[in-house]
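Report on the following structure.
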Amino acid sequence: MEIALVHGRGGEGWTMPLPGGAVAYHADLAAAVTALEAEVRNGHGPESADTAAAEPSGSAGAAHEPGPLPRWVLADAARDYPPLLEAGARLDRCRDLRLAERILSRVEGHEPPAVVTESDPDAGTLFEREPEPVDGPALLIRLQATWLDQRRRTAAADLAGMGTLLAAESAGGLVAAEMSRTGVPFDRGVHDRLLRDLLGPRPTKGMRPRKLQALADKVIDAFGHQLNPDSTKQVLAAFHAAGLDVKTTHSWELHSVDHPAVEALKVYREHARVWGAFGWNWADAWVSGTGPRSDETAADPTADRGRFRPVYIVGGADTGRWGTDGGGALQLPHAVREAIRAEPGWKLVAADAAQLEPRLLAAISGDQAMIAATAADDLYTELAPRLGGERSKAKIALISAMYGGTAGDAAQLVQLMKDRFPAAFDRVESAARIGEKGGLVRTWLGRTVPAPSERWWQTLNSEDGTRSATGRGRFTRNFIVQGTAAEWALVLLALLRRALHERGLGELVFFLHDEVVVHCPAEHAQAVCTAIEQAAEAATRTLFGDVPVRIPLRPKVVDSYAEAK
DNA sequence: CGGGTGGGCGCG
DNA sequence: AAAGCGCGCCCACCCG
């Protein structure tokens, strides 16, 4: 059952069953949503008849294993779900029309004209950040129209995975809002200690921290004159003045430059980044509150705990990977990860997928030999005898095949890929060929690459044509793999979220492309590990059914995120 | 002075 | 072009 939902500013709201039904007003929307889900869970809700029919296990079983809860149809979970969470509601399932719109508009091969669809010229107003004063029933009608339109286009697209993709993307919208609210458990005291060890005490004004200034002075001494090590221009000029013909100041180029400033500059940059992007100012801006368990942490006067609350952007990258809007959550340097710590009596369970992308390449290409190899825990070691002899070579062979690498010994190793795993090679190679010609490719579930821009077509016919075609080919080549990895991770996240909630095991606090972190009471840690492994297996079966590909997620129980990996 | 761009580098 | 893909963030720098 799908139910359109609109909330007002005072906590009131309106709902309407889809495809069409009576509009209901709720003075307290969060309470109404919670009550309706509880009814269905207890087998007394509007879904109970369907559930009994679909589950021959009998009514006693149905009470414990109810049918699916309502799927709430929202205009935009990122905008509409946080206030519901704040009011104490949790949605089990949803359809996020904004996220679905992006995916569907690309299926059709063109950018949406500002999310207005032909059958509903007013749909655009659904997605505005600040909608006009809410007319609940009128918005419900617009939701209904957009939902119907999307349903028609989903059917017309005729892509087998589209239903799963839209459900997973929408679940991502719920997870992202929930994780931002929960936050990553963070110890400001530990963070401060890490910074002091690295940089010295927090400086008072616009000064560099003491140890960072010392590093800047080392760079200056090495060159023998004043300069700002933050300025690429000045650093480049300094190398030239020293008689060294460097083209850039990239660390990999400087690596082979023989000058005493090189090492000092490298260390300076590394530390400057921690200070600038993940230092005290960052913590002031992004670490807040004491988290949901303030009652217990308050008992510990030495604790300086809070929660790191980044804003996630679901599907922020073209491939479907998430992005963030501030907080740098997707780039947390290892240097500060020790500050991410479980609260007393709790643990972090961190899990990451090993070689996710090549495993998915095996699955989507149907390459039998490569699929067989995914039985191994370390795919690169398993493939080494067939790809260059050493693990490192097998890794380059696979990565270069997926990214379009040609330099160094990559070309030769990619040739080995072609010989030994022709189906896998052909899958990425044909995606590249299509991209080079301006064609569109899709992920396994049906996410479509954005169409090339007008600008790209022009460049293609100019002198730079080969370069732009090659770049586009690399993008589409990688898109099918990275994008499928993103949707596998999304399905995993949706399944894990539900398992953790239904069994009351812990809270999902972090997600990063191919890894998840759960915060849970220590006594649940083993159960969480099992839940994670089961969710990974279920995600793989959701995407690939009986294809015997193996994509393990390796959970590790830790106190600090620094111990993971 | 405020916005946009590019270098450099963190993460996967 | 560091060996290739995807991001976000800080800084300096340039432009209006």
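Throughout, protein chains are lettered first and strands after them, A, B, ... in sequence-line order, and every chain is numbered starting at 1.
A:R467 comes within 4.0 angstrom of nothing in the nucleic acid, heavy atoms only. If you check every strand for non-hydrogen atoms under 4.0 Å, A:L356 touches nothing. Using a 4.0 Å heavy-atom cutoff across all strands shown, A:S400 reaches at least one base atom of the nucleic acid. Within the 4.0 angstrom heavy-atom criterion, no nucleotide atom of any strand lies near A:D409. Within 4.0 Å (heavy atoms only), A:G316 reaches no atom of the nucleic acid at all. At a threshold of 4.0 angstrom between heavy atoms, the contacts of A:L512 are confined to the sugar-phosphate backbone, with no base atom among them.
Of the candidates A:F278, A:W282, A:W286, A:F186 forms a ring pair (Phe, Tyr, Trp, His ring centres under 6.0 Å) with just one, namely A:W282.
Not one side-chain nitrogen or oxygen of A:H513 sits closer than 4.0 Å to the OP1 or OP2 atom of C:dG6. Applying the 4.0 Å criterion to OP1 and OP2 of B:dC9, one finds that A:R273 has every side-chain N and O outside that range. Residue A:K233 places at least one side-chain N or O under 4.0 Å from the OP1 or OP2 atom of C:dC14. Contact annotation: A:S251 side-chain N/O to B:dC9 OP1/OP2 distance is under 4.0 Å. Here A:T319 does not reach the OP1 or OP2 of C:dC7: none of its side-chain N or O atoms lies under 4.0 Å away.
If you check B:dG12, B:dG8, C:dG4 against the side chain of A:T248, the one that comes closest is B:dG8. In this structure, the nucleotide among B:dC9, C:dG6, B:dG10 sitting nearest to the side chain of A:Q482 is C:dG6. Counting only heavy atoms from C-beta on, A:F475 has its side chain closest to C:dG6 among B:dG8, B:dG12, C:dG6.
In terms of polar N and O atoms assigned as donor or acceptor, the side chain of A:R477 never comes within less than 3.5 Å of the base of C:dG4 in a complementary pairing.
C:dG4: glycosidic angle within 90° of 0, hence syn.
Taking both residues in full, the closest heavy atoms of A:P260 and A:A222 are given as C-CB, 3.8 Å, listed atom of the first, atom of the second, then distance.
Base pairing of B:dG8: its partner is C:dC9, meeting the Watson-Crick or G-U wobble criterion (both donor-acceptor distances under 3.5 Å).
Side-chain polar atoms of A:R359 and A:T374 form no donor-acceptor pair below 3.5 angstrom. When only modelled atom types and interatomic distance are considered, A:E507 and A:T182 share no side-chain donor-acceptor pair under 3.5 Å.
When ring centroids are compared, A:H259 and A:F223 come within the 6.0 Å threshold.
Judged by centroid separation below 5.5 Å and plane tilt below 30°, A:Y403 does not stack onto the base of C:dG4.
Distance check on atom P: B:dG7 versus C:dA1 gives 9 Å, rounded to whole Å.
When the nearest nucleotides of DNA chain C are assigned to A:G328 and A:G408 by heavy-atom distance, the more 5′-ward of the two goes with A:G408.
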